[in-house]
Amino acid sequence: MTPADLADAIVAAIGRAVADGDLDVTVPTTVTVERPKTPGHGDYASPVALQLAKAARRPPRAVAEVLAGRLVTERGIVGVDIAGPGFLNFTLAGDALGEIARTVVRAGEGYGQAAKPRDVRVNLEFVSANPTGPVTLASARWAAVGDALGRILTAAGYSVGTEYYVNDAGVQIERFGASVLAAAAGRKIPAEGYHGAYVAEIAAAVLAGRPELLDLPDDEARAVASAEGLALMLTEIRSTLEGFGVHFDRWASEQTLHTAGALTKAIDDLRTQGHVYDADGAVWLRTTDFGDDKDRPLVKSDGQPTYFCADAAYYRDKRGRGFDQLVYLLGADHHGYVARLKAISACFGDDPASNLDVIIGQLVTLSRGGTPVKMSKRAGTFLTLHDLVDAVGVDAARYSLVRSSLDSPVDLDLDLVTRQSSDNPVFYVQYAHARISSLLRNAEALGLPGASETADVALLTHPREVDLLRGLGEFPRVIEAAATLRGPHRVARYLEELAGVYHRFYDACRVLPQGDEQAGPLTGARLLLVAATRVVLSNGLGLLGVSAPERM
RNA sequence: GCCCCAGUAGCUCAGUGGAUAGAGCGACCGCCUCCUAAGCGGUAGGCCGCAGGUCCGAUUCCUGCCUGGGGCACCA
């Protein structure tokens with residue numbers, strides 16, 4: 001019996017109590033079940049009686065008694081105690097907890113995933129950095145978090161499409177093209193252009209492919225430099241991200257929206273919905289109808305569409321491709337967009353509360369020896385994702401970017417990031433996995449079955465074994481919470497916790513026979529438990545895009 | 001001025017209204033004849049920013065204030 005099973009049983013018990021007239025409340029769809037921190041409070045506890053007491057107009061302990069009587073007969077539950085103001089403390093049958101190990105090993109890679117798919121198509125857009133330079137550390141966080149979130153949402157049963165929006169139109173692209181051309185011609189790069197060393201490399205590559213570049217008329221040369229430079233830059237961005245284990249289902253081009261007339265269609269659509277007006281020679285969207293500070297221009301008085309207009313067109317494009325919920329993962333420097341995106345959603349007639357979810361993550365800051373270092377693509381002063389991966393590897397990089405809450409800024413100290421790699425908690429988790437792998441290899445060498453289906457799990461009664469079983473049982477709920485709350489860091493924190501529980505188990509409980517001992521039933525049960533732990537560590541690390549090594 | 005985020009152990013940070021608030025790092029003291037010591041045990045370290053409010057119950061929710069970070073455009 002997992003905690004999720006127990007929660008279901010409690011809901012059912014409330015339902016029966018209401019049907020019998022013993023309780024007068026609306027039956028909740030889900031109830032809180034938690035692992036008591038203190039020993040002596042059973043295997044699991046629920047404060048549900050306290051929560052229902054008010055609605056039921058009965059003292060909490062009376063509600064608890066009504067429920068306890070109906071739950072004590074439940075299969076797998078051997079004891080229900082009422083404690084304190086009305087907590088329900090559950091003691092599970094010895095084998096009910098142990099069965100978790102068998103469940104995990106049977107499910108294998110599928111353990112932790114939602115039992116049935118949800119009928120929700122989620123579009124997840126992240127990174128979407130301007131393709132005018134390499135992927136920076138600022139974007140690296142969104143790459144690691146967004147990719148992990150995509151995997152977690154998929155595991156939680158959502159149908160997910162990941163997307164990178166390529167801003168391949170507009171002024172920045174023109175400046176980038178001008179910079180590439182200047183570098184190719186050996187001229188000084190314009191002040192408002194891009195000054196990173198990579199511009200010269202791109203220029204050399206463009207020149208190699210188009211030797212006639214410098215002989216073309218200036219306009220044409222700039223267009224070629226833009227287009228070819230952009231293509232090279234995008235290839236590099238893609239390969240950096242793929243090398244980081246981050247895959248996008250779609251690379252959406254802004255330019256394509258322009259050429260396909262999507263912006264015009266979006267404006268027409270919004271006009272039909274009644275939220276567009278003309279003023280001062282410009283075309284405006286009345287976003288103030290939906291909580292924005294001021295109305296936003298769709299088309300400037302010079303006839304050029306705004307970036308905001310492209311955003312609206314892109315929103316409409318995604319919805320038109322069948323996505324129910326559009327998730328945007330943005331940095332805190334873009335938080336001003338939230339109100340605008342909500343307004344776009346509402347202006348199209350959608351419900352921003354269900355069709356849109358803008359996640360704001362705090363920024364990554366760089367420092368060296370405690371002194372802040374500025375990141376700027378235009379000035380060319382930044383550390384790239386590529387550099388970070390070279391320095392610490394994909395696993396440590398991804399893990400350290402994903403283990404913090406999005407509400408919390410991440411500071412990477414360039415002096416520490418390379419040196420501290422061995423302090424990274426990712427090794428603590430990976431080490432647990434490697435230790436298990438080694439143990440299972442030794443078991444195999446001894447001719448012992450790795451994870452016997454017939455193991456007597458009722459023998460797993462040592463406190464460290466019980467802790468481990470409880471920890472394994474949490475995994476599905478961790479995925480669920482990480483998906484619902486959009487918090488991939490929860491998976492990382494859970495894995496650290498689980499690894500700690502395993503290390504303590506390993507220290508206290510000998511698994512393999514030593515000397516001339518014979519393998520007994522307990523050996524088989526512990527091997528099953530250990531194998532189950534490896535499954536969860538491996539699945540969890542997989543959700544974060546971090547490898548689960550067999551050896552370290 | 002308005003908006004967003006944060007303030008929890010020396011440092012970095014977890015904590016979906018529940019019982020005695022946790023982890024890692026750092027400090028100190030211990031543990032390898034044995035399945036990987038990248039591990040384990042122990043000690044020290046807390047007005048959970050401040051003040052009100054809601055609640056049987058608040059680190060968690062609400063209001064105000066203080067401090068720190070970020071953001072305001074017919075830029076992209």
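Heavy atoms from other residues, nucleotides or ligands lying under 6.0 Å from CD of A:E550 number more than 12.
Base orientation of B:rC40: anti (glycosidic angle beyond 90° from 0).
Using atom C1' as the reference point in both B:rA37 and B:rG30, the two lie 13 Å apart (nearest Å). One C1' atom belongs to B:rG46, the other to B:rG10, and the distance between them is 12 Å to the nearest Å. Spacing of P atoms, B:rA58 relative to B:rA51, comes out at 15 Å, to the nearest Å. With both ends at atom P, the span from B:rA21 to B:rU43 equals 16 Å, rounded to whole Å. Taking atom C1' on both B:rU20 and B:rG15, the two are 16 Å apart, rounded to the nearest angstrom. For the C1' atom pair drawn from B:rC4 and B:rA38, the interatomic distance equals 39 Å after rounding to whole Å. On the C1' atoms, B:rC55 is 29 Å away from B:rA9, given to the nearest whole Å.
The existence of a salt bridge linking A:D278 and A:R271 is confirmed by a sub-4.0 Å separation between a basic side-chain nitrogen and an acidic carboxylate oxygen. Residues A:R526 and A:E465 are paired through a salt bridge, judged by an N-O separation under 4.0 Å between the basic side chain and the carboxylate. For A:D24 and A:R57, the salt-bridge test passes: some basic side-chain N is under 4.0 Å from an acidic carboxylate O. No salt bridge links A:E34 with A:R470; every basic N to acidic carboxylate O contact stays at or beyond 4.0 Å.
A stacking contact between A:H489 and B:rA14 is absent: the pair does not combine a ring-centre distance of less than 5.5 Å to the base's six-membered ring with planes differing by less than 30°.
Between the CG atom of A:L537 and the P atom of B:rA38 there is a distance of 17 Å, given to the nearest Å. For the pair A:Y399 OH and B:rA38 P, the interatomic distance rounds to 18 Å; values are reported in whole Å. Rounded to an integer number of Å, the gap from A:R493 CZ to B:rU8 P is 15 Å. Atom-to-atom, CZ of A:R58 to P of B:rC56 comes out at 18 Å; the value is rounded to the nearest Å. Look at CG on A:N130: it is 16 Å from P on B:rC75, rounded to the nearest Å.
In terms of polar N and O atoms assigned as donor or acceptor, the side chain of A:H335 comes within less than 3.5 Å of the base of B:rG70 in a complementary pairing.
Stem regions annotated for RNA chain B: B:1-7 with B:66-72, B:10-13 with B:22-25, B:27-31 with B:39-43, B:49-53 with B:61-65, counting only runs of 3 or more consecutive pairs of Watson-Crick or G-U type with both contacts under 3.5 Å.
The residue A:E550 sits close to a base: some heavy atom pair falls under 4.0 Å. Contact annotation for A:Q51: base contact, defined as any heavy-atom pair under 4.0 Å involving a base atom.
One side chain, A:Y277 or A:D295, offers a donor N or O that lies under 3.5 Å from an acceptor on the other.
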